[in-house]
There are 2 protein chains.
Amino acid sequence: MAKTITERADILPALAEVFRAHGYEGATLALLSEASGLGKGSLYHFFPGGKEQMCAEVLAEIDSWFETNIFQPLLKGEDPEEAIAAMIGAAERYFKSGRRVCLVGVVALGAARDAFAEPVRAYFKRWADALASALRRCGLSAATARRRAEDAMLVIQGALVIARGLDDPKVFSRAMADLKGRLLADLASAAPA
Amino acid sequence: MAKTITERADILPALAEVFRAHGYEGATLALLSEASGLGKGSLYHFFPGGKEQMCAEVLAEIDSWFETNIFQPLLKGEDPEEAIAAMIGAAERYFKSGRRVCLVGVVALGAARDAFAEPVRAYFKRWADALASALRRCGLSAATARRRAEDAMLVIQGALVIARGLDDPKVFSRAMADLKGRLLADLASAAPA
DNA sequence: GTCTATAAAGCGATAGAC
DNA sequence: GTCTATCGCTTTATAGAC
């Protein structure tokens, strides 16, 4: 029996894709309505705060996904080296091998950043901290780990921009493969088995 | 005597800042009018094609600036190593040490990319090719030069995203300093004096 | 919970006076 | 070349029927 109650969990991914593809300003209620399959009235029933609330909840869900699938394994995984490799794989899949951009990055570059400064900052910081933690647990010094982690953030975001700019998703996949190699090479020299 | 003819050269930089700060969709004619100091009527006198023409001409002017100040020195400079160092310095200044984002990157991530796919693609490709050319002239192999150049593009764009996301321009300056060191280290090992 | 209808404001773009 | 006034449309958001 089909349930009449629409779940937030079913709506948010559809809204997320609109924000990703069109940016905050470009994501109109008409597009959000079409993508979610809900009329504007229904959208306002779920999100009385309108577009801003929709974007905020989308960002929160993204953060939650990364927390579970990427940050926690990096922070708590038994094998940090394996967690790093898994992070690369998860990012490859999440960003659809460079064919999907990062909403947090899109928001960060736009005028809407001011309205979402906290979640945007937290996302990048938490990811970098989690990766640095894993690198430390592999034997790198705190300073080196932090530097390598920040570097990895740059590469991932930059690869998404360039892949879109050159219309060549392979740029992203190649950058992720290189990044993996570089991070693991660091470990090999820091803590040779 | 003040000239009554408004020069395109005076308008375009003002329009550019609006597109940079708000993205293509977020750059409204009201904002463009305010920033340029011209009424909407005047803007349409200069740009009959409206917003799309304004953005196209802004992108063309940006491309022209990079061609003169960055690409040509990399391609034709007598000392390629110095040209690379100069490129880093010019980028630092152009992006105001990370406080200004790259319009081409912003457009690349948004829905407007399809309308400006060619200039966006050309900008990144030409920059990467020019840098690769300089690296080759320093003694690196074609394959290594291309790889290092593409990597540099990622780092620059990524650093702009992360600097904005973390609201910390120093991330950009640090990334540029590291990039410079890495590129020059490559040269030292490839062509020791 | 979902919809249509509609309000009020803002949008890109045009016309025409000066 | 610049402006104001305005058009037609889209926008966000609300009201109210079902």
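Every chain is numbered from 1 and lettered A, B, ... according to where its sequence line falls, protein lines coming before strand lines.
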Please lay out, stage by stage, how B:Y24 and B:K51 fare under the test side chain to side chain contact (heavy atoms under 4.5 Å, CB included). CA-CA 8 Å; B:Y24 184 77; B:K51 214 169 103 164; 4.0 Å; yes

For a side chain to side chain contact (heavy atoms under 4.5 Å, CB included) check, start with the C-alpha distance between A:R126 and A:D63, then their side-chain angles and the critical distance, and finish with the verdict. CA-CA 9 Å; A:R126 186 125 179 89; A:D63 196 73; 5.6 Å; no

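Across residues 12-36 of chain A, not one residue has a non-hydrogen atom less than 4.0 Å from an atom of DNA chain C. Contacts between residues 106-115 of chain A and DNA chain C, defined by a heavy-atom separation below 4.0 Å, involve no residue at all. Residues of residues 52-62 of chain B having a heavy atom closer than 4.0 Å to DNA chain C: none are found.
Among all heavy-atom pairs drawn from A:A108 and B:G165, the shortest one is CB-CA, 3.8 Å.
The CE atom of B:M87 lies 7.0 Å from the CD1 atom of B:I70; values are rounded to the nearest 0.5 Å. Between the CG atom of B:L135 and the CD1 atom of B:I84 there is a distance of 4.0 Å, given to the nearest 0.5 Å. With values rounded to the nearest 0.5 angstrom, A:I11 atom CD1 is found 9.5 Å from A:M54 atom CE.
A:F71 and A:W127 have tilted rings, their planes meeting at an angle from 30° to 60° on a 0 to 90° scale.
Without hydrogens or angle criteria, B:T68 side chain to B:S64 main chain gives a donor-acceptor distance under 3.5 Å.
A:E67 and A:Q72 are linked by a side-chain donor-acceptor pair at a separation below 3.5 angstrom, with hydrogens and angles left out of the test.
Residue B:H45 contributes atom NE2, which lies 16 Å from atom P of D:dT4 at whole-angstrom precision. Between A:K51 atom NZ and C:dG10 atom P the separation is 14 Å, expressed in whole Å.
The pair A:R8-A:E61 does not meet the salt-bridge criterion, since no charged nitrogen lies less than 4.0 angstrom from a carboxylate oxygen. For the pair B:D167 and A:R113, the salt-bridge criterion is met [side-chain N within less than 4.0 Å of a carboxylate O].
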Show the distances under 3.5 angstrom between N or O atoms of the protein and N or O atoms of nucleotides 3-5 of chain C.
from	atom 1	to	atom 2	distance (Å)
C:dC3	OP2	A:G39	N	2.6
C:dC3	OP2	A:S42	OG	3.2

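Contact between the side-chain N/O atoms of A:Y44 and the OP1/OP2 oxygens of D:dA13 is found at a separation under 4.0 Å.
Residue whose closest nucleotide on DNA chain D sits further toward the 5' end, between B:I11 and A:G50: B:I11.
Within the structure, the side chain to side chain donor-acceptor pair (under 3.5 Å) test picks out no pair touching residues 79-88 of chain B (sequence neighbours left out). Applying the side chain to side chain donor-acceptor pair (under 3.5 Å) test to pairs two or more places apart or on separate chains, those with a residue in residues 128-142 of chain B are B:K125-B:D129, B:S141-B:T144.
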